[in-house]
Amino acid sequence: MKRFSFSLFFLLSLCFISSFHHIAFAAKIIIPEKVSQGRGFIIAIKAQNPFTGYIEWRNKKIKFSSTILNSQHETQVLLGMPTDEVKTQNIRISITENNQNNIIKQTIKPLKVNWVTHNLNVAPKYVEPPKEVLNQIAKDQKTNKATLARMSDSHTWELPFVRPVNGTISGSFAARRVFNGQPRTPHFGTDMRGAIGTRILAMADGIVVCAEPQYFSGNAVWIDHGQGVISMYGHMSKISVKKGDIIKKGQKIGEVGATGRVTGPHLHLSLYIQGVAVDAVPFFSQMPLEIIGGPTKEQPRPPMPKKQK
């Protein structure tokens, strides 16, 4: 697990800070009280001594252990709030320090977001797939389900994440999609503009768990960053890595393309935390992670440069 700056302990305006004091135990924990639908958020813990433990969140158990930085033992765990959650959620944290176990319980309230709707026209085969591709679609779904179920005990990510391409946002996260007049599942990702051949960079350190053509996503790469944090990059024209490769933050993993179900060249970027899709864009900021707010706004296409006479 990588070390990280603990400036995050001074960041959240809407958070719950717990301090528990015991002869063998003294820890500080940051838990937000409110998180917008579709947002990822951090649970931050620090103590005087090494500690281990786990978080129970939405029927998942995420294990953690501390690293040492500036004579303090600390860790961070990423969690996600689903795009459709409306009920207050319970979180339970178990921490063991010097053989002393402590349980912390808290609730987190989801804040409603009004998602945008996109009406798009694509090739009919991507709305009503022909029979000969149904096996491929089923295979893709099985692969992706297994990928999203991965859960290691430590992580390799470090904030902020690297923005995979510099292009503006053409499709916001969690937009409701209507293809050729027919409603389909929400857009669990962010579309970023880019010309075919533009380099795509990995958001964080990790391991490639899938690198293959998929029917809807086109040429796609999935990277496991640990503790259930998975990033996905779709519609590539070229894949530059293979399954099993160890990836470094900012490393080239492919090139922008227009493969799969698209209306033009772009990168489709998805970020999943323990299987929950969240908006990836807030993770690129050098500022503290924003956990309150709607989807990152779409941006108009930049004007073409004028041709020189």
Side-chain angles (χ1 to χ4, degrees), residues 38-40 80 83 113 115-122 126 144 157 159-177 179 184-206 208 210-211 213-214 216-223 225 229-241 247-273 277-287 289-290 293-305:
R39 290 283 177 139
T83 59
V113 171
W115 306 108
V116 301
T117 297
H118 290 156
N119 290 284
L120 303 169
N121 292 315
V122 297
Y126 290 116
N144 297 346
W157 55 263
L159 296 181
F161 291 168
V162 167
R163 189 183 181 104
V165 296
N166 290 325
T168 53
I169 294 171
S170 59
S172 63
F173 172 75
R176 276 37 187 166
R177 288 288 178 92
F179 288 103
R184 289 295 185 266
T185 56
H187 180 232
F188 289 132
T190 300
D191 290 341
M192 298 180 174
R193 292 184 177 93
I196 291 179
T198 302
R199 289 162 51 93
I200 300 171
L201 309 180
M203 293 198 299
D205 292 1
V208 176
C210 181
Q214 298 191 339
F216 290 114
S217 299
N219 295 326
V221 170
W222 297 70
I223 301 177
H225 307 289
V229 179
I230 309 285
S231 60
M232 178 271 187
Y233 314 76
H235 306 312
M236 294 180 173
S237 61
K238 178 182 178 181
I239 294 176
S240 304
V241 294
I247 300 299
K248 291 297 183 181
K249 183 178 183 176
Q251 178 180 334
K252 178 184 175 181
I253 59 174
E255 298 176 4
V256 171
T259 56
R261 185 171 63 185
V262 296
T263 57
H266 69 277
L267 169 67
H268 170 97
L269 173 69
S270 288
L271 177 63
Y272 295 89
I273 303 179
V278 301
D279 192 343
V281 178
F283 288 86
F284 304 145
S285 175
Q286 296 287 341
M287 303 299 290
L289 180 64
E290 293 185 3
T296 303
K297 293 182 179 180
E298 297 169 10
Q299 301 157 293
R301 185 182 295 277
M304 295 293 290

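Across every non-hydrogen atom of Val221 and Ala211, the tightest pair is CG2-CB, 4.2 Å. Taking both residues in full, the closest heavy atoms of Ala202 and Val162 are given as O-CB, 3.8 Å, listed atom of the first, atom of the second, then distance. For the pair Val113 and Pro295, the tightest heavy-atom approach, listed with the atom from each and the gap, is CG1-CD, 3.5 Å. Residues Ile200 and Tyr233 share a closest heavy-atom pair of CG2-CD2, 3.9 Å. Nearest heavy atom pair, residue Asn219 against residue Ser237, reads ND2-O, 3.8 Å. Heavy-atom minimum distance, Trp115 versus Thr83: NE1-O, 3.3 Å.
If you take CE on Met203 and CG on Leu159, they are separated by 10.5 Å, rounding to the nearest 0.5 Å. Between the CD1 atom in Ile239 and the SG atom in Cys210 there is a gap of 8.0 Å [rounded to 0.5 Å]. One finds the OH atom of Tyr126 at 8.5 Å from the CZ atom of Phe216 (value rounded to the nearest 0.5 Å). For the atom pair Arg163 CZ and Ser285 OG, the distance stands at 11.0 Å (nearest 0.5 Å). For the atom pair CE of Met192 and CG of Asn166, the computed distance is 9.5 Å after rounding to the nearest 0.5 Å. For the atom pair Met236 CE and Glu255 CD, the distance stands at 9.5 Å (nearest 0.5 Å).
Judged by distance alone, with hydrogens and angles left aside, the side-chain atoms of Asp205 form a donor-acceptor pair with the main-chain N or O of Lys249 at under 3.5 Å. Under the 3.5 Å distance criterion, the side-chain polar atoms of His235 are matched with a main-chain donor or acceptor of Ser217. Side chain of His266 to backbone of Gly264: a donor-acceptor contact under 3.5 angstrom is found. Using a distance-only test at 3.5 Å, with no hydrogens or angles considered, no donor-acceptor pair links the side chain of Arg39 to the main chain of Val278. Of the possible donor and acceptor atoms, one in the side chain of Thr198 sits under 3.5 Å from a partner among the backbone N and O of Ala195.
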- Checking side-chain contact (heavy atoms from CB on, under 4.5 Å) for the pair Leu201/Val165: CA distance, chi angles, key distance, verdict? CA-CA 7 Å; Leu201 309 180; Val165 296; over 6 Å; no
- Task: Evaluate the side-chain contact (heavy atoms from CB on, under 4.5 Å) criterion for residues Ile223 and Ile230: first the C-alpha distance (whole Å), next the side-chain angles of each, then the deciding distance (0.1 Å), finally the verdict.
- Result: CA-CA 6 Å; Ile223 301 177; Ile230 309 285; over 6 Å; no
- Please lay out, stage by stage, how Phe283 and Trp157 fare under the test side-chain contact (heavy atoms from CB on, under 4.5 Å). CA-CA 11 Å; Phe283 288 86; Trp157 55 263; over 6 Å; no
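A heavy-atom distance below 4.5 Å is not found between the side chains of Thr190 and Thr296. When side chains are defined from C-beta on, Leu269 does not count as touching Met232, because their heavy atoms never get closer than 4.5 Å. Between Pro213 and Thr259 the shortest side-chain heavy-atom distance does not fall below 4.5 Å.
Taking a 6.0 Å sphere around CD of Gln251, one finds it holds more than 12 heavy atoms contributed by other residues, nucleotides or ligands.
For Asn144, the side-chain hydrogen bond (donor to acceptor under 3.5 Å, both in side chains) partners two or more places apart in sequence, or in a different chain, are Gln214. Residues forming a salt bridge (charged side-chain N to carboxylate O under 4.0 Å, His left out) with Lys238 (at least two apart in sequence, or on another chain): none.
In the model, Asp191 has no side-chain atom that pairs as donor or acceptor with a side-chain atom of Ser170 under 3.5 Å.
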